[in-house]
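Letters go in sequence order (proteins before strands), and every chain restarts at 1. Please read these numbers as outputs of a predicted model, since none were measured by experiment.
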Number of protein chains: 2
Amino acid sequence: MTEMSRNSTQEGGQPGRIGIGLELDATHLKILEVLRENGRISVAALAERVGISRANAYTRFEALRADGAIKRFTAEIDHVRAGLGITALIFVTVRQQMWRQFRTQLAQMPEVEYCAITTGQHDAMIQVRVTDVAAVHAMVTDRLANIPAVKATETVFILDEVLRRPYVLPSDRGPGRSSRRPPADPPAGPARSTGAARSAGSAGPTGSAGSAGGEVPLGMMRFVGVAEGRAQLQQDV
Amino acid sequence: MTEMSRNSTQEGGQPGRIGIGLELDATHLKILEVLRENGRISVAALAERVGISRANAYTRFEALRADGAIKRFTAEIDHVRAGLGITALIFVTVRQQMWRQFRTQLAQMPEVEYCAITTGQHDAMIQVRVTDVAAVHAMVTDRLANIPAVKATETVFILDEVLRRPYVLPSDRGPGRSSRRPPADPPAGPARSTGAARSAGSAGPTGSAGSAGGEVPLGMMRFVGVAEGRAQLQQDV
DNA sequence: GTTGAAATTAGTACGAA
DNA sequence: TTCGTACTAATTTCAAC
């Protein structure tokens, strides 16, 4: 019950129902806004805060839940208080066509809180929470290294979590501000060579940046070079 | 109310109360285990599932909340259904001594779901959810690039979220398995040159790995080289 | 820390607009 | 669909043990 939807077959929900099952209107979004900050609010209070009747609130609440728009309700805890003061990110390069094994192994690692498949230099990023720094080392060397699917890892520690929102919503942008950029105001800066893949082996976000004070000439999206054998990997994902 | 504790002053909670306020016992952890999968469970039902009396459950529940061990209750949603189908990670290099500005600007970006300060090549990682790929581009070029504190960015897309647990707990390891590695079984592989920082400019998690089939000799922790000016940055964090 | 009873609130099922 | 109301069931609170 911890794995996420893959948009394909498999997994929790009814396999028959693919595609959007429920068009979310402004009221639905309002409900999600309230639930985001108070997941334990009663449906009666929710109805009042959203400005609809109780019956309507029950109907919509149930619909959101049944449709899968709301996946579950949970708590947010202070990891330090819970005894897991160390958080690390481990970027993993996965051997091609061993994704299934990698996923299976991951599910059996209780210290893993999050894992995402990414584009770029690495194939996956996993976030772990453990008691101490040594546990990170043990995790990487003993457990990850023993998975044949894992080709290489790169570890980084999290020093501080500046911001964490339970989730973001389209309505957060406000009624006035569109999510798409207004037609005017084309992006400044040199050469829109957006897709310029970095040659594998060269590194870092340094490089071409002009060191002119306030300007940020390399704010451009910089896709990291595709790792070796990544073309095949993509098919597997 | 969306920013997280900094362990220092500032922020929501009482500034006077530093340090652990409540020692969590096995029962507390059990409560957190139940709440993790069902944040809307009634305290009565919670008591039954944990195996304690109602009153006890209420006391502990309230204590966990008041102590801050439980920060809030929230829902987990399907971002695709909510209309935010694109998730990206943006790794940011921050100009030294401009952290405060960076943090302030971040709080005003509704598409940012998570931001963490990290060690390694970059200084921060932010996760954004938007409607389409173009919005990522707009976010990076228009909004992040306009923050003087932002020196450089590197963007990566999330193709799939394999695993997401609301939180992990020390008790997840099970009663039998310790979090620390057993004294026997030293890590295999060549040369425990753990701290070997990669020279800035060289790249990739590839490299020294012996290509022998099953063995993963470079499971070792590989800390990425410190970015330029990072020594000063650390003080600021 | 536990149990039991009262007061409150939540959830459900209807008919009407 | 949405609303309003009444009915039933459950939860929370408070008390004594």
Taking the basic N atoms (NZ, or NE/NH1/NH2) and the acidic carboxylate oxygens, is any pair closer than 4.0 Å for [X] and [Y]?
X: B:Glu113; Y: B:Arg129; answer: yes
X: B:Arg103; Y: A:Asp160; answer: yes
X: B:Glu76; Y: A:Arg65; answer: no

(message) Distance check needed: D:dG4 P versus A:Ile52 CD1, whole Å only.
(response) 11 Å
(request) Round to the nearest Å and state the distance from A:Arg60 atom CZ to D:dC3 atom C1'. (result)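 Atom CZ in A:Arg60 sits about 13 Å away from atom C1' in D:dC3.
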(request) Would you kindly say whether B:Thr74 and A:Arg36 are connected by a side-chain donor-acceptor distance under 3.5 Å? (result) no
(request) Measure the shortest side-chain to side-chain distance between B:Thr153 and B:Phe91 over non-hydrogen atoms and say whether it is less than 4.5 angstrom. (result) no
For nucleotides 10-14 of chain D, tabulate all protein N/O to nucleotide N/O atom pairs closer than 3.5 Å, reporting atom names and distance.
from   : atom 1 : to      : atom 2 : distance (Å)
D:dT11 : OP1    : B:Ser42 : OG     : 3.2
D:dT12 : OP2    : B:Val43 : N      : 3.1
D:dT12 : OP2    : B:Ala44 : N      : 3.2
D:dT12 : OP2    : B:Tyr58 : OH     : 2.5
D:dT12 : O5'    : B:Tyr58 : OH     : 2.2

(request) Tell me which of B:Gly51 and A:Glu62 sits closer to the 5' end of DNA chain C, going by the nucleotide each one is nearest to. (result) B:Gly51
